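Below: the structure, in structure tokens.
Each ligand, and each atom within it, is numbered from 1 in the order the structure gives. Just so it is clear, the structure is predicted and the values come from calculations on it, not from any experiment.
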Amino acid sequence: MMRLGFLASGRGSNMQAIIDACESGRLPARPVLVISNNADAIALVRAAEHGLETAIINQTTHPGPGACDGAITQPMQDAGTELVILAGYMKKIGPQLLAAFPDRIINIHPSLLPRHGGQGMYGMHVHNAVIAAGDDETGVTIHLVNNEYDRGRILAQHPVQVEPYDTAETLAERVLAVEHDFYVDVLGKIISGDISLQG
Ligand code: GRF
């Protein structure tokens with residue numbers, strides 16, 4: 001059973017899909033901890049419903065440079081986390097967490113990176129950019145996390161066709177549905193060794 005730690009800032013629907021897959025036996029993994037920067041994150045409610053340990057760590061709870069990074073790293077290590085999963089986490093990952101979990105932090109992004117990634121490219125900003133660019137294809141990317149937004153090594157991608165009638169909203173809905181299944185699928189491959197985290 002691979003021990004999974006989550007970082008989530010909002011809705012937490014990807015985290016939910018992964019927790020459900022662990023509970024159903026689809027994934028040989030065990031969620032152990034959920035950390036959020038946002039005290040109002042629905043992800044925290046979801047985590048509590050599944051009896052998971054949670055923590056709120058942000059500039060208010062841990063002021064000062066590097067304080068949040070250390071405050072996230074310690075409980076992740078204490079929980080015996082083997083893989084850190086970003087699920088809609090809006091903050092940059094600090095050097096301490098990166099050093100503690102080398103090639104062991106993954107993220108999901110709702111486009112085909114490197115297209116429509118980087119700072120400020122999250123949520124509807126991504127889907128608006130896809131529509132504005134007139135792209136006929138978008139998708140989902142799962143990648144390793146490094147110290148640059150959306151720039152870690154790509155582990156897997158899943159395309160989603162953009163239809164002529166699509167709006168950013170219809171696209172967001174379709175991409176999110178793909179994300180839930182794909183994140184679980186790719187995690188399964190990481191755990192089985194079919195996808196390697198080491199370059
Ligand atoms: C997803 O679209 C994910 O790709 C991006 O943030 C969104 C999180 O949604 N990183 P949720 O919190 O998992 O519902």
> Distance from Asn14 atom CG to Leu187 atom CG, nearest 0.5 Å?
Replying inline: 10.0 Å
>> Is it true that, when you exclude Lys92 itself, more than 12 heavy atoms of the residues, nucleotides or ligands shown sit nearer than 6.0 Å to its NZ?
In response: yes
>> Could you measure the distance from the CE atom of Met2 to the OG1 atom of Thr81? Nearest 0.5 Å is fine.
In response: 11.5 Å
>> Can a donor-acceptor pair be found, under 3.5 Å and without considering hydrogens, that links the side chain of Arg153 to the backbone of Leu197?
In response: yes
>> I'd like the residue list for ligand 1, meaning every protein residue with a non-hydrogen atom under 4.0 Å from the ligand.
In response: Arg11, Gly12, Ser13, Asn14, Gly88, Ile108, His109, Pro110, Glu179
> Would you say Asp136 has more than 12 foreign heavy atoms packed within less than 6.0 Å of its CG?
Replying inline: no
>> On a heavy-atom basis, which atom in Leu144 and which in Arg104 lie closest, and how many Å separate them?
In response: CD2-N, 4.4 Å
